[in-house]
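Each remark here refers to the structure printed beneath this line.
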Amino acid sequence: MTEPSTVADLVLAGAPGAPAVGAPEGAAPLTYAALADQAARTVERLNALGIGRGDRVAMVLPNGPESATAFVCIAAAATTAPLNPTYRAEEFEFYLSDLGAKALVVQAGAESPALAVAGKLGIPVVELHPERARGAGAFRLEPMRP
């Protein structure tokens with residue numbers, strides 16, 4: 001068997017029924033098969049939004065299973081740059097500009113100075129909506145509506 005060479009290959013190398021992501025809040029673990037499906041849906045969604053390989057996507061998400069899963073799944077489609085949610089506006093401006101971020105992913109309903117900075121820089125915002133009923137770390141992505 002060849003060694004995994006991409007994030008998607010690494011996810012697919014896991015035993016399909018084995019737990020890949022868990023959560024202390026009691027949500028059922030997300031299996032490797034479900035994680036692979038989540039990654040495929042994420043790639044498809046980001047591609048539909050015009051984001052693909054070579055693009056950079058910044059994430060400002062709270063710690064938790066969705067943050068971990070989003071990092072892996074977005075990395076299957078683009079370069080992922082997780083940013084500290086406690087940064088100030090000036091720090092977000094520096095990092096988002098320096099990255100040349102094509103999109104910013106935030107948790108739905110989150111309040112963050114990153115949102116205003118993304119607006120100022122013309123960076124589209126994509127909201128992550130947790131879907132814990134599908135397993136720990138499951139989510140869907142939707143473009144943020146003004």
Side-chain angles (χ1 to χ4, degrees), residues 4-14 16 19-146:
S5 62
T6 67
V7 171
D9 290 345
L10 194 58
V11 170
L12 291 171
V21 178
E25 298 89 27
L30 195 68
T31 64
Y32 276 96
L35 181 58
D37 182 58
Q38 179 74 61
R41 282 195 320 275
T42 301
V43 170
E44 183 178 296
R45 185 66 170 143
L46 291 174
N47 288 172
L49 296 171
I51 299 164
R53 297 213 186 283
D55 291 326
R56 296 176 194 101
V57 176
M59 297 181 355
V60 176
L61 298 170
N63 289 336
E66 290 81 17
S67 180
T69 305
F71 179 81
V72 169
C73 294
I74 294 170
T79 300
T80 309
L83 300 177
N84 188 332
T86 64
Y87 282 160
R88 297 181 320 270
E90 309 80 55
E91 294 167 303
F92 281 124
E93 186 162 0
F94 171 78
Y95 286 114
L96 291 172
S97 296
D98 192 51
L99 285 167
K102 188 157 183 183
L104 170 67
V105 175
V106 298
Q107 186 144 337
E111 304 258 339
S112 170
L115 295 170
V117 172
K120 176 181 173 182
L121 298 174
I123 298 170
V125 177
V126 179
E127 290 184 315
L128 181 144
H129 296 263
E131 295 187 329
R132 290 277 176 97
R134 292 191 311 114
F139 64 87
R140 76 178 193 285
L141 297 175
E142 298 293 338
M144 180 178 241
R145 302 288 178 214

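Smallest separation of non-hydrogen atoms from G109 and E127: N-OE2, 3.8 Å. Nearest heavy atom pair, residue L35 against residue C73, reads CD1-SG, 3.9 Å. Of all heavy-atom pairs between N47 and G52, the closest is ND2-CA, 3.8 Å. Shown here for A78 and I51, the closest heavy-atom pair between the two residues is CB-CG2, 4.1 Å.
Here the straight-line distance linking atom CG of D37 with atom CG of L30 works out to 9.0 Å at 0.5 Å rounding. Rounding to the nearest 0.5 angstrom, the gap separating the CD atom in Q107 from the CE atom in M59 is 11.0 Å. Taken to the nearest 0.5 Å, the CZ atom of R41 stands 11.0 Å off from the CZ atom of R140. The OG1 atom of T79 sits 8.0 Å away from atom CG of D55, with the distance rounded to the nearest 0.5 Å. Taking CG of L61 as the start and CG of L104 as the end, the distance is 8.5 Å to the nearest 0.5 Å. The CD atom of E142 sits 4.5 Å away from atom CZ of R45, with the distance rounded to the nearest 0.5 Å.
Annotation: side chain to side chain contact (heavy atoms under 4.5 Å, CB included) contacts of A77 (sequence neighbours excluded): V43, L46.
Two residues are said to be in side-chain contact when any heavy atoms from C-beta on lie closer than 4.5 Å; V105 and V126 meet this criterion.
Between Y87 and F92, the ring planes are perpendicular. Angles over 60° get that label, and only those under 30° would be called parallel.
The backbone N or O of F139 sits less than 3.5 Å from a side-chain atom of R134, completing a donor-acceptor pair. Side-chain atoms of T69 come within 3.5 Å of backbone N or O of P65 as a donor-acceptor pair. A donor-acceptor distance shorter than 3.5 angstrom exists from the side chain of K102 to the backbone of G50, with no hydrogens or angles considered.
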Derivation and outcome, side-chain contact (heavy atoms from CB on, under 4.5 Å), residues L128 and L141: CA-CA 5 Å; L128 181 144; L141 297 175; 4.1 Å; yes

side-chain contact (heavy atoms from CB on, under 4.5 Å) between L96 and L83, worked out: CA-CA 9 Å; L96 291 172; L83 300 177; 3.9 Å; yes

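Checked for salt-bridge contact, R88 and E91 meet the test: a charged N lies under 4.0 Å from a carboxylate O.
Taking a 6.0 Å sphere around CG of N84, one finds it holds more than 12 heavy atoms contributed by other residues, nucleotides or ligands.
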